Number of protein chains: 2
Amino acid sequence: MILKSQVEWALHCCAILAGLPEGRYLSTKALAEFHGLPKEYLSKALQSLSQAKLVESTLGPSGGYRLARPTAEITFLDVVEAVEGKERTFACSNIRANNPCRPEGYCEAGPCAVARVMWDADEAWRAKLRSVSLAALVQTLEQEIPTTLWQSSFQWVLKRAG
Amino acid sequence: MILKSQVEWALHCCAILAGLPEGRYLSTKALAEFHGLPKEYLSKALQSLSQAKLVESTLGPSGGYRLARPTAEITFLDVVEAVEGKERTFACSNIRANNPCRPEGYCEAGPCAVARVMWDADEAWRAKLRSVSLAALVQTLEQEIPTTLWQSSFQWVLKRAG
DNA sequence: TAGAATACGGATAATAAATATCCTTATTGC
DNA sequence: GCAATAAGGATATTTATTATCCGTATTCTA
């Protein structure tokens, strides 16, 4: 079990969009170029973000994407779920129902104990992702990335932002 | 991203093996029949458990599997990792290295900030799975499953255990 | 107003992973 | 010796992921 690579792409794209000045848009082309990713396929990830209302888009030249909400109000979980979907990572097929000793017409009361544990763990994962916002990510990046690289990247993006 | 169905199968099989009396074995055939699963493919999951040293096996008629450790010393994480592997659920391809503004020969210091968050969440998931033992699962099941079903299942298993 | 650049969605292909089956071998109990 | 078993290799089958291509509507710019 491994997350789609689109999750990684979407998170990095959001990090870039988070630094975009108010009212400006950045195109798929620019995002793909900046990250060295296939433009057409990255486009699908961005469309997922758009459908999840995490980003807004405009058409035409100078079109592209921008965040739809303040960076403090978008979490890692939002992005991950936009790309991966909201379904739990453990699917219970209720195999206990195949127990040959199960009486006719017997129906289990609640969810399986095995599934509950797996779902609790899934929720712990999601809680952790929910606890980190894009704002927090940007703050970390700003501290870690060398100033010159940070600024040159910012310039690179601005030059291409519509 | 969804866990293999073998994870579910392995957990339920371990729950059964946890109730097996000292020194007895239960075959793949019996476990497959009890859960309504394809014997050949379930066998692969049990082999994974065996390779991870969570269960022991013997050959021949009356052969099969039994737990290799006390139920209190086998966790959900042990079983999940035996089947799914120990790799993290987020793979960082280090796409920041594709940044066109990155100076020649520049080398990132530590892991990417995005990956760290994803890995923290992964660890939260694992911690939760690590916190639940087979002993705890059996205790829950014993409380939840109707006594008659519990006992008849136990009898069913014992009749087939070598 | 024409043309170019864009997001969007549908269709399709290529690759990888999960699911499943079959067969052979070595071991064990009867 | 025979039957039942775990183990592991080989091979399909099915599904998911990754990727590309194309047509359409929209928007900016010249």
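Within every chain, numbering begins at 1; the chains are lettered A, B, ... in the order of the sequence lines, protein sequences first and strands thereafter. Quick caveat: nothing in here was measured; it's all calculated off a predicted structure. What's counted below: heavy atoms across the whole structure, side chains too, no hydrogens, waters or symmetry copies.
Backbone-only contact: A:Gln51 has heavy atoms under 4.0 Å from sugar-phosphate atoms and none from a base.
Distances shown here put every side-chain N or O of A:Thr28 at or beyond 4.0 Å from the OP1 or OP2 atom of C:dT6.
Residues meeting the side-chain contact (heavy atoms from CB on, under 4.5 Å) test with A:Ser133, sequence neighbours left out: A:Ala135, A:Ala136. For B:Ala127, the side-chain contact (heavy atoms from CB on, under 4.5 Å) partners at least two apart in sequence or on another chain are B:Glu123, B:Arg130. Every residue was checked against the side chain to side chain donor-acceptor pair (under 3.5 Å) condition with A:Asn98, not counting sequence neighbours, and none meets it. Remark: B:Ser50 pairs with no residue by the side chain to side chain donor-acceptor pair (under 3.5 Å) rule, at least two apart or across chains. Judged as a side chain to side chain donor-acceptor pair (under 3.5 Å), and not counting sequence neighbours, A:Ser48 has no contacts.
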Side-chain donor-acceptor contacts of residues 149-160 of chain A below 3.5 Å, not counting sequence neighbours, with atom names and distances?
{"residue": "A:Ser152", "atom": "OG", "partner": "A:Thr148", "partner atom": "O", "Å": "3.0"}
{"residue": "A:Ser152", "atom": "OG", "partner": "A:Leu149", "partner atom": "O", "Å": "3.0"}
{"residue": "A:Ser153", "atom": "OG", "partner": "A:Leu149", "partner atom": "O", "Å": "2.8"}
{"residue": "A:Ser153", "atom": "OG", "partner": "B:Asn99", "partner atom": "ND2", "Å": "3.0"}
{"residue": "A:Arg160", "atom": "NH1", "partner": "A:Trp156", "partner atom": "O", "Å": "3.1"}

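As a whole-Å value, the separation of A:Glu8 CD from D:dT17 P is 16 Å. Rounded to an integer number of Å, the gap from CG of B:Leu46 to C1' of D:dG8 is 14 Å. Atom C1' of nucleotide D:dA6 and atom CG of B:Leu31 are separated by 13 Å, given to the nearest angstrom. We find that NZ of A:Lys29 is positioned 11 Å from C1' of C:dA4, with the value rounded to whole Å. Distance CD (B:Gln47) to C1' (D:dA7): 5 Å, rounded to an integer number of Å. Atom pair B:Ile95:CD1 and D:dT18:P shows a separation of 13 Å (rounding to whole Å applied). Taking atom CG on A:Leu42 and atom C1' on C:dC8, their separation rounds to 14 Å, with Å as the unit.
Contact check of residues 154-162 of chain B against DNA chain D (heavy atom, cut-off under 4.0 Å) returns no residues at all. Looking at residues 10-22 of chain A, you'll see that no heavy atom sits under 4.0 Å from any atom of DNA chain C.
For the side-chain hydrogen bond (donor to acceptor under 3.5 Å, both in side chains) condition, the pairs that include at least one residue of residues 101-117 of chain B, sequence neighbours left out, are A:Glu144-B:Arg116, B:Arg102-B:Glu108. Within the structure, every pair that satisfies the side-chain hydrogen bond (donor to acceptor under 3.5 Å, both in side chains) test and touches residues 17-35 of chain B, not counting sequence neighbours, is listed here: B:Tyr25-B:Arg66. Within the structure, every pair that satisfies the side-chain hydrogen bond (donor to acceptor under 3.5 Å, both in side chains) test and touches residues 83-97 of chain A, not counting sequence neighbours, is listed here: A:Thr89-A:Asp122, A:Ser93-B:Glu8, A:Asn94-A:Arg96.
The CZ atom of A:Phe90 sits 10.0 Å away from the CG atom of B:Leu129 when rounded to the nearest 0.5 Å.
You'll find the side chain of B:Leu67 stays beyond 4.5 Å of the side chain of B:Leu20, heavy atoms only.
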### Task
Go along nucleotides 17-30 of chain C 5' to 3' and tag each nucleotide: B for a protein heavy atom under 4.0 Å from its base, S when only backbone or sugar atoms are that close, - otherwise.
-SBBBBB---BBS-
